[in-house]
Amino acid sequence: LPDIEGVDGGTITGISDDGTKLSGIVQNVSSWSPFLPAIWENGIPSALPVQENSGFGGRTDNISGDGSVAVGYTDDDNYFWYASIWVNGELTVLNGEQAYGVSNNGRYIVGTNGNSYEPGFMFDRETEEMSMINEPGATNSAVLVGAVTNEGVVYGSQSGMPSSRNAFIWTKDNGAVWFKDYLVKD
């Protein structure tokens, strides 16, 4: 584990294509503080930067195929979460609450925007465009998004109780389509 006072545990949340880089969290197992985003490279962990005056710290939730882009969240001194991207270890903070997924090529980041009544998001690192993602037919719906392809196709579901969630596919050009309808297309 990194040589950080109080850190005695960790959790892995993602892995690069070749298995040499892992994303996750390092923390104090009994108190959860510090709670820091981390990357393991060739088995050696290191904590990633967090926001200045961070409350608990943050975590990484996924990593790109080549291991250069990690995504997750960092918090501020009021413990509010912010979607965060680390490119080669350098932190960028977005407006969303938490980034859950990154395309294999590292271009697209997807996540949630906060409370359970807000749409998800997709951030394009190349154009720096932020797209809001709603369920099919809605303009302000709660969704969970966690997977995105190299072409920016997003896979997600409705938020809420697991028994009421329906999966959808979203593209910038066509918006969201229920997954069941997508499967039966011509």
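Everything quoted here is computed from the prediction, not taken from an experiment. Side-chain atoms are counted along with the backbone in the values below, which use heavy atoms only and exclude waters and symmetry mates.
Residue Ile15 is not grouped with residue Val102 when hydrophobic side chains (ILVMFWY) are merged at heavy-atom distances under 4.5 angstrom, including chains of intermediate members. Linking Ile, Leu, Val, Met, Phe, Trp and Tyr residues whenever their side-chain heavy atoms come within less than 4.5 Å leaves Leu48 and Ile44 in two separate clusters. Linking ILVMFWY side-chain heavy atoms closer than 4.5 Å, directly or via other members, places Phe123 and Met132 in a single hydrophobic cluster. Residues Phe56 and Tyr73 share a single hydrophobic cluster, defined by chaining ILVMFWY side chains whose heavy atoms lie under 4.5 Å apart. Tracing side-chain contacts under 4.5 Å through hydrophobic residues (I, L, V, M, F, W, Y), one never reaches Phe80 starting from Val50; they form parts of separate clusters.
Panel note: side chain Asp8, backbone Val29; a donor-acceptor pair is recorded below 3.5 Å. Side-chain atoms of Asn113 come within 3.5 Å of backbone atoms of Pro119 as a donor-acceptor pair (strictly under, hydrogens ignored). Side-chain atoms of Gln158 come within 3.5 Å of backbone N or O of Asn166 as a donor-acceptor pair. Side chain of Thr13 to main chain of Thr60: a donor-acceptor pair is present (N/O by atom type, distance under 3.5 Å, no hydrogens or angles). Remark: side-chain polar atoms of Asn150 are paired, donor with acceptor, to backbone N or O of Asn104 under 3.5 angstrom.
The distance from the CD1 atom of Ile169 to the OH atom of Tyr182 is 4.5 Å, given to the nearest 0.5 Å. Going from atom CD1 of Ile109 over to atom OH of Tyr100 covers 15.5 Å, rounded to the nearest 0.5 Å. With rounding to the nearest 0.5 Å, the separation of CG in Leu22 from CD1 in Ile63 is 7.0 Å. Between atom CZ of residue Phe121 and atom CG of residue Asn95 there is a gap of 9.0 Å, rounded to the nearest 0.5 Å. One distance of note links CH2 of Trp81 with CZ of Arg59; it measures 5.0 Å at 0.5 Å rounding. Taken to the nearest 0.5 Å, the CG atom of Asp66 stands 8.0 Å off from the CG atom of Asp17.
Counting heavy atoms from C-beta on, the side chains of Met122 and Val145 never come closer than 4.5 Å. Using a 4.5 Å heavy-atom threshold, the side chains of Ser84 and Val93 count as touching. You'll find the side chain of Gln27 reaches within 4.5 Å of the side chain of Thr11, heavy atoms only. Looking at Trp86 and Ser23, their side chains never come closer than 4.5 Å, going by heavy atoms from C-beta outward. The shortest distance between side-chain heavy atoms of Tyr108 and Val153 does not fall below 4.5 Å. In this structure, the side chains of Tyr82 and Gln98 stay at 4.5 Å or more apart for every pair of heavy atoms. Looking only at side-chain heavy atoms (C-beta outward), Val148 and Trp170 stay at 4.5 Å or farther from each other. Arg125 is not listed as a side-chain neighbour of Thr92, based on a closest heavy-atom distance of 4.5 Å or more.
Using a 3.5 Å distance cut-off with no hydrogens or angles, the side chains of Ser54 and Asp75 do pair a donor with an acceptor. Side-chain polar atoms of Asn105 and Ser103 form a donor-acceptor pair below 3.5 angstrom.
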With side-chain contact (heavy atoms from CB on, under 4.5 Å) as the criterion, how do Phe168 and Trp178 come out once you've worked through the C-alpha distance, each side chain's angles and the decisive distance to 0.1 Å? CA-CA 4 Å; Phe168 64 84; Trp178 294 117; 4.1 Å; yes
From CA spacing to verdict: side-chain contact (heavy atoms from CB on, under 4.5 Å), Thr171, Glu151: CA-CA 9 Å; Thr171 64; Glu151 294 76 31; over 6 Å; no
Test side-chain contact (heavy atoms from CB on, under 4.5 Å) applied to Trp40 and Val26, step by step: CA-CA 10 Å; Trp40 282 256; Val26 293; 3.9 Å; yes
Go through it in stages, so that I can follow the logic: the residues are Arg107 and Thr127, the test is side-chain contact (heavy atoms from CB on, under 4.5 Å), and I'd like the CA-CA distance, side-chain angles, deciding distance and then a yes or no. CA-CA 9 Å; Arg107 177 176 175 177; Thr127 65; 4.0 Å; yes
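Counting all heavy atoms, side chain and backbone alike, Pro49 lies closest to Pro37 at O-CG, 4.2 Å. The two residues Gly57 and Leu36 come nearest to each other via the heavy atoms CA-CD2, 4.3 Å. The two atoms that bring Asn134 and Val143 nearest to each other are C-CG1, 4.0 Å, heavy atoms only. The shortest non-hydrogen separation linking Lys21 to Gly67 is CD-O, 3.3 Å.
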